[in-house]
Amino acid sequence: MPNTLAAKSCTPCRGGIPPLTIGEAERYLAQSPGWDLLDDGRKIQRTYRFKNFREALTFVQRAGELAEAEGHHPDILFGWGYATVSLQTKKIKGLHENDFIMAAKLDGLSSP
């Protein structure tokens, strides 16, 4: 089944809208395997595993390019064999559909 979130594009969020409720976030999370809901439903996070530092670095570079193209920027921590990505829409201090769109697109980058 194709991931419909990955087919979407992030839309600019100017603030002034409420973040997703925990229930709404959980429904999106069901379409985002491997991601965890954190901070009382205000953030999602996933750790990707790689064979070495070079693969992790390559993923981070590609994630940065994707973030610039989508206009939606994750927090990324990486090191030898891993990259941990956190997503939250900072303007609304919580989750928005854009976070789950980015999650789906990032999952596509991690696939061979």
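Throughout, numbering of the chain's residues begins at 1 and tracks the sequence.
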Inset, instruction - Evaluate the side-chain proximity of L37 to Q45: yes if any heavy-atom separation is below 4.5 Å, no if none is. - result: no

Would you say [X]'s side chain and [Y]'s backbone share a donor-acceptor pair under 3.5 angstrom?
X	Y	result
R46	S86	no
Q88	R42	yes
N52	R54	yes

Inset, instruction - Name all pairs fulfilling the ring pair (Phe, Tyr, Trp, His ring centres under 6.0 Å) condition that reach into residues 76-99, sequence neighbours left out, sorted by first residue then second. - result: F53-F78

Legend entry - Qualifying salt bridge (charged side-chain N to carboxylate O under 4.0 Å, His left out) pairs with a residue from residues 21-31, counting only residues at least two apart or across chains: none

Below 3.5 Å, can you tabulate the donor-acceptor pairs from side chains in residues 68-77 to any protein atom, sequence neighbours excluded?
| residue | atom | partner | partner atom | Å |
| --- | --- | --- | --- | --- |
| E68 | OE2 | H73 | NE2 | 2.8 |
| E70 | OE1 | C10 | N | 2.8 |
| H72 | NE2 | D99 | OD1 | 2.7 |

Spacing of [atom1] belonging to [X] relative to [atom2] belonging to [Y], to within rounding of 0.5 Å:
X	Y	atom1	atom2	result
K105	N98	NZ	CG	10.5 Å
Y28	L95	OH	CG	10.5 Å
T47	D36	OG1	CG	8.0 Å
I44	L29	CD1	CG	7.0 Å
L87	K43	CG	NZ	10.0 Å
T84	Y48	OG1	OH	10.5 Å

Inset, instruction - Would you kindly confirm whether L109 and W35 end up in one hydrophobic cluster when ILVMFWY residues are joined by side chain heavy atoms under 4.5 Å apart? - result: yes

Inset, instruction - Please indicate whether K51 has more than 12 foreign heavy atoms, meaning atoms of other residues, nucleotides or ligands, lying under 6.0 Å from its NZ. - result: no

Legend entry - Shortest non-hydrogen contact from G81 toward A56: N-CB, 4.3 Å

